[in-house]
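Reading through the structure tokens given below for one structure.
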Amino acid sequence: MRYLPLTADDRAEMMARIGIASVDALFADIPKDKREGELPDLPRAKGELEVERQLARLAAKNVPAGSVPFFVGAGAYRHHVPASVDHLIQRSEFLTSYTPYQPEIAQGTLQYLFEFQTQVAELTGMEVANASMYDGSTAAAEAVLMAHRVTRRRKAVLAGNLHPHYRATIETVSRYADDAVAALAPVPAGGEDLLSAIDESVSCIVVQSPDVFGNLVDLKPIAAKAHAAGALLIAVFTEVVSLGLVEPPGAQGADIVVGEGQSIGNALNFGGPYVGLFATRPKFIRQMPGRLAGETVDAEGRRGFVLTLSTREQHIRREKATSNICTNSGLCALAFTIHMSLLGRTGLTRLARLNHASACDLAERLAAVPGVEVLNATFFNEFTIRVPGKAADVIERLAQKGVLGGVPYSRLAPKAGLDDLILVAATETTTEDDRAAYAAALKEVLA
Amino acid sequence: MNREGRGATAPTAGTAAQAPATFTGNRGLDLEEGLIFEIGRSEVTGVDIPEPPDFRARLGGLERKVAPDLPGLSEPEAMRHYVRLSRMNYGIDSGLFPLGSCTMKHNPRLNEKMARLAGFADIHPLQPVSTVQGALAVMTELSRYLLELTGMAAVALPPKAGAHGELCGMMAIKAAHLAADQGHRHVVVVPESAHGTNPATAASIGYEVRAIPARADGTVDVEAVKAALSPEVAALMLTNPNTCGLFEPDVVKIAAAVHEAGAYFYADGANFNAILGKVRIGDLGVDAMHINLHKTFSTPHGGGGPGAGPVVLSPALAPFAPVPCVVEHGGALTLVEDEGAAGAEAALGRMSAFHGQMGMFVRALAWMLSHGADGMRQASEDAVLSANYVRASLNDLMSVPFPDRPAMHEALFDDTWLAGTGISTLDVAKALIDEGYHPMTVYFPLVVHGAMLIEPTESESKASLDLFIATLRDLALAAKAGDTARFLGAPYYAPRRRLDETRAARAPVLRWLKSAPLGAAAE
Amino acid sequence: MTSVRYTKDHEYVRVDGAVAVVGISDYAQSQLGDVVFVELPDVGKTVEKGKEAAVVESVKAASEVYAPLSGEVVEVNAELEGNPGLVNTDAEGQGWFLKLKLADPAELDALMDADAYKAFLDTLG
């Protein structure tokens with residue numbers, strides 16, 4: 001077996017040193033009647049070529065986004081990732097390293113996490129960010145728990161236009177922690193009344209912008225009302241590229257900002273692994289979940305980095321930890337920070353403009369299709385259209401024509417009674433031909 | 001005579017101690033590297049992106065007023081920056097990485113190649129299921145392997161890491177109790193030796209944690225479990241093999257006692273690598289266990305993630321698995337994505353957006369297909385054999401707290417052997433760095449004083465193990481001989497000497513700021 | 001008249017009239033190592049003897065500090081926020097944690113005086 005270096009002779013010598021005749025002696029504590037005699041009922045070892053063939057066959061049964069006109073978003077976005085990013089994250093010393101518990105030999109990881117934290121703070125307009133969470137949705141759930149700790153209240157209000165998967169993730173954690181959640185009804189065209197949902201019983205209000213339908217939300221009045229009631233504003237985004245063009249939540253008074261970072265550096269991967277971004281204000285640092293890299297000096301006075309404030313974490317605080325989180329998204333955070341370093345301010349701004357322009361063009365083309373209505377007054381790179389009939393059927397028929405035309409809202413929230421809405425995303429990877437093909441196919445499908 | 005070329009270099013007199021300081025601070029191939037904020041410039045970009053043709057913006061007055069202060073790097077600068085950073089790191093590919101309870105085994109590159117196939121990497125979680133049948137087949141096949149290896153009834157793939165899997169499993173237990181009108185059960189029993197995530201997870205969903213002590217031989221006493229059980233207890237959380245690296249011999253009796261009391265048995269699967277193909281945890285009475293794909297099934301640790309933590313469930317808990325799950329329907333595979341939908345009537349809810357760590361599923365499946373049933377069992381046997389070999393080769397010089405039982409895939413030492421030397425477990429770890437090794441896990445489990453937990457995994461050759469053993473023996477003899485300098489100042493040869501953690505915690509500098517000069521504490 | 005008393009959990013209490021100053025003993029700080037943060041209760045909170053009143057953190061550990069006596073928190077040491085190292089340099093002076101208005105001064109009698117505490121420390125080796 002190509003991954004196992006020990007030979008039969010090696011094993012015999014090692015057993016002799018231990019003083020056993022058979023390796024079974026080492027498993028003596030497993031009750032005899034429970035030990036597996038036969039091998040598990042699974043195929044035997046295979047060479048690389050056979051495994052590659054088998055998996056390539058399965059991969060070939062999927063339709064890659066890059067092979068068709070592609071407009072699917074709703075929390076995960078197809079962007080171009082520079083070739084150097086994937087090369088660098090496969091450096092052995094990044095790929096096969098562990099959590100930097102021994103900082104003297106993990107300065108590479110610690111320094112890029114410090115750089116990542118700074119980038120996330122800059123992007124979101126906040127002062128501090130952690131070293132990443134699993135993804136945007138779990139970061140949002142952790143933000144709610146953090147708000148409960150800060151305010152010592154236990155009721156969250158969720159905007160109706162929060163991504164339904166994020167809402168379900170928050171509701172699930174809250175249900176089992178016996179915390180209250182008030183989730184508002186969706187308002188696809190935007191302009192939700194959030195202010196009247198905030199009162200002094202509320203720990204936090206969770207607002208997404210751009211929201212799940214693509215609308216931009218002015219967070220400033222919500223922040224003001226929340227703060228007057230002693231509550232926190234948790235701002236959520238699922239498309240981090242939007243922060244290149246849209247006023248960041250930090251400049252609008254948010255207390256905690258969380259979001260999905262997949263768009264930068266990371267492939268679609270059928271939903272994971274992604275990278276959750278989490279930023280807040282300095283006064284809340286000690287209530288923050290997740291790992292933090294911090295700057296210090298070594299015994300010779302040279303600058304270096306360590307994991308810090310770890311007394312918040314489970315391996316020290318156990319049942320009193322701020323979160324049970326242990327693993328973060330190290331390698332995805334690395335991909336994010338490399339891609340963001342390549343972009344810089346100039347590249348990010350251009351990327352965001354190109355995304356917005358692509359979506360604006362698409363919105364105009366789709367609005368011109370008979371029977372189609374674009375709901376949004378504002379959007380970044382994703383918007384919502386209303387179609388005659390069931391959106392899910394329209395998407396299926398578009399797929400048969402070789403166009404992946406977006407996400408029926410009913411797939412995310414089957415019980416919402418909004419069966420005629422499609423969330424449509426366009427990015428820099430969408431060409432003019434793609435957008436024309438979509439409009440043409442949609443016209444045919446609806447004809 | 002016209003001599004061409006030049007003389008060969010040859011070693012000259014002089015030692016490292018006499019090496020002069022360099023202007024750059026670099027030491028040959030040991031290269032210093034600044035922060036991107038010091039080397040990048042905001043007008044530079046390493047990605048060429050065209051300006052769009054004129055268009056009417058639709059941002060409604062919410063334009064960003066101040067562009068983020070993000071430096072850019074050209075591609076050559078970026079390559080150099082990150083390659084230099086990578087060289088300050090230690091990975092499995094660098095050398096033996098005996099970090100106990102973390103299973104730092106070889107990460108096959110075939111797995112990486114497979115995960116990057118466009119058919120896996122470039123598919124969206126919400127594109128029509130008719131266009132992702134191969135992805136759903138990967139999830140189905142991975143599930144089949146995990147169920148066969150554990151003997152359990154169902155598996156929930158969504159959790160994104162081990163601790164997230166624990167949360168999922170414990171929520172399933174709470175859901176089952178609520179469904180059976182047993183919501184008053186509010187206590188979770190956890191041995192003192194447990195990993196910190198166990199009590200943290202239980203507490204995060206409102207359970208009170210009741211700790212039980214370990215026996216003198218490092219295992220859990222079935223009588224202590226029984227004494228802690230009551231009609232208030234919802235579950236026992238137990239790691240098996242346990243954090244001391246031992247298989248719990250009374251696990252079947254413990255499971256029976258837990259079930260007798262109306263509670264569930266949650267197993268922490270952190271140490272699954274010791275028993276793969278040797279025993280099925282379903283046969284031991286376990287109700288739920290998470291599986292760290294990044295440990296047992298070789299998906300890369302990546303500097304601390306991403307992980308993946310599928311949870312296997314017993315028949316009693318299977319109905320409560322979260323959404324989404326894959327089901328077969330009329331010859332095609334489909335996803336049940338909504339709580340309460342057919343096939344997920346009792347689902348506990350949703351753990352996260354989308355369907356779990358697909359990229360990790362592909363890698364783990366590639367590892368399983370490569371090993372096969374025979375290779376997986378061999379891997380476990382080799383991991384256990386290697387740990388016991390290390391223990392047997394060091395137990396005359398280093399103290400073994402629980403010598404009466406065979407170790408599983410980890411060899412645990414305490415610091416009794418260091419008594420009177422003035423050298424601590426931490427110092428031994430730092431001295432190992434100078435010898436070119438990543439240290440073992442130190443000070444965990446907490447129940448052993450000055451613990452050193454060594455997990456060599458199945459990936460080491462005998463020659464590699466022998467050199468590691470010889471190194472530790474040399475260090476042990478040096479410690480006993482009073483050579484404290486080798487330990488107390490260590491590491492001498494790493495990219496950094498010991499770092500000032502007190503300073504980092506007292507005045508946290510968590511981001512770069514223009515106003516904070518190099519090395520100065522901010523604010 | 002001031003008198004200092006100690007608990008077996010290494011808190012001290014220095015009583016001055018009806019108000020008691022609470023902190024951790026010099027021995028306790030030496031065992032903790034460098035203190036990096038002290039989490040203090042809100043002023044006005046009522047604490048119960050033997051229950052958690054504060055948390056003191058070193059780099060790698062967090063320890064609960066129990067109220068040696070019951071009472072109401074009337075003041076906390078704001079200096080510790082910016083300079084937690086005071087606990088190390090002057091545990092029983094400037095490194096105090098909080099001041100309590102005692103609910104039951106008689107509880108004081110159950111605590112050790114300086115000599116008894118010293119003898120207790122000797123038994124810990």
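Small disclaimer: the values here were computed from a predicted structure and weren't measured. Residue numbers begin at 1 in each chain, while the letters A, B, ... track the order of the sequences.
- Formation of a donor-acceptor pair under 3.5 Å by the A:T378 side chain with backbone atoms of B:G60 is not found in this model.
- Heavy atoms of B:E112 lying under 4.5 Å from chain A belong exclusively to its side chain.
- Under the 30°/60° scheme for interplanar angles, the aromatic rings of B:F354 and A:H163 are found to stand perpendicular.
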* To do: Mind running salt bridge (charged side-chain N to carboxylate O under 4.0 Å, His left out) on A:E122 and B:R64 for me, showing each step along the way?
  => CA-CA 12 Å; A:E122 268 301 319; B:R64 185 163 191 144; 5.2 Å; no

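- Salt-bridge formation is detected for the pair A:E247/B:K65: a Lys NZ or Arg NE/NH1/NH2 atom is positioned less than 4.0 Å from an Asp or Glu carboxylate oxygen.
- Contact of B:L117 with chain A is made through the side chain alone, with heavy-atom distances under 4.5 Å.
- Atom-to-atom distance recorded for B:N89:CG and A:Y112:OH is 7.5 Å, nearest 0.5 angstrom.
- The existence of a salt bridge linking A:E93 and B:R87 is excluded, since no basic side-chain nitrogen approaches an acidic carboxylate oxygen closer than 4.0 Å.
- At a threshold of 4.0 Å, the pair B:D338-A:K415 counts as salt-bridged, since one of the basic side-chain nitrogens sits closer than that to a carboxylate oxygen.
- Contact annotation for A:A377: only backbone heavy atoms (N, CA, C, O) come within less than 4.5 Å of a heavy atom of chain B.
- Ranked by heavy-atom pairs under 4.5 Å with chain B, the first of A:L354, A:L42, A:T99 is A:L42.
- With a threshold of 4.5 angstrom between heavy atoms, B:M171 approaches chain A through its backbone and through its side chain.
- Within the 4.5 angstrom heavy-atom criterion, no atom of B:R41 approaches chain A.
- Both the backbone and the side chain of B:H371 come within less than 4.5 Å of a heavy atom of chain A.
- Contacts between B:P322 and chain A at a heavy-atom distance below 4.5 Å are absent for every atom of the residue.
- Ring-plane geometry between A:Y134 and B:H164 is classed as tilted, the angle between the planes lying from 30 to 60 degrees on a 0 to 90 degree scale.
- Heavy-atom distances place both the backbone and the side chain of B:M79 under 4.5 Å from chain A.
- One N or O on the side chain of A:H356 and one on the backbone of B:R58 form a donor-acceptor pair closer than 3.5 Å.
- With rounding to the nearest 0.5 angstrom, the CG atom of A:D10 is 8.5 Å from the OH atom of B:Y389.
- Between B:R498 and A:D298, none of the side-chain N atoms (NZ, or NE/NH1/NH2) sits under 4.0 Å from a carboxylate O, so this pair counts as no salt bridge.
- With a 4.5 Å cut-off on non-hydrogen atoms, B:A57 touches chain A through its backbone and its side chain both.
- Residue B:I433 touches chain A through its side chain alone, counting heavy-atom pairs closer than 4.5 Å.
- No donor-acceptor distance shorter than 3.5 angstrom exists from the side chain of B:T45 to the backbone of A:T346, with no hydrogens or angles considered.
- A donor-acceptor pair under 3.5 Å is absent between the side-chain atoms of A:R17 and the main chain of B:S393, judged by distance alone.
- Contacts between B:E337 and chain A at a heavy-atom distance below 4.5 Å involve the side chain alone, from C-beta outward.
- You'll find the ring centres of B:H438 and A:Y98 outside the 6.0 Å limit.
- Using a distance-only test at 3.5 Å, with no hydrogens or angles considered, a donor-acceptor pair links the side chain of A:N62 to the main chain of B:A135.
- Contacts between B:V384 and chain A at a heavy-atom distance below 4.5 Å involve backbone atoms as well as side-chain atoms.
- Between atom CG of residue B:L284 and atom CD1 of residue A:I30 there is a gap of 8.0 Å, rounded to the nearest 0.5 Å.
- Looking at A:D178, its side chain never comes within 3.5 Å of a backbone N or O of B:G206 through a donor-acceptor pair.
- For the pair B:K278 and A:F27, the cation-pi test (distance below 6.0 Å, angle within 45°) is passed.
- The contact between B:E339 and chain A is made by backbone and side chain atoms together, counting heavy-atom distances below 4.5 Å.
- For the atom pair OG1 (A:T296) and CZ (B:R496), the distance works out to 11.0 Å, reported to the nearest 0.5 Å.
- Using a 4.5 Å cut-off between heavy atoms, B:N107 contacts chain A through its side chain alone, with no backbone atom that close.
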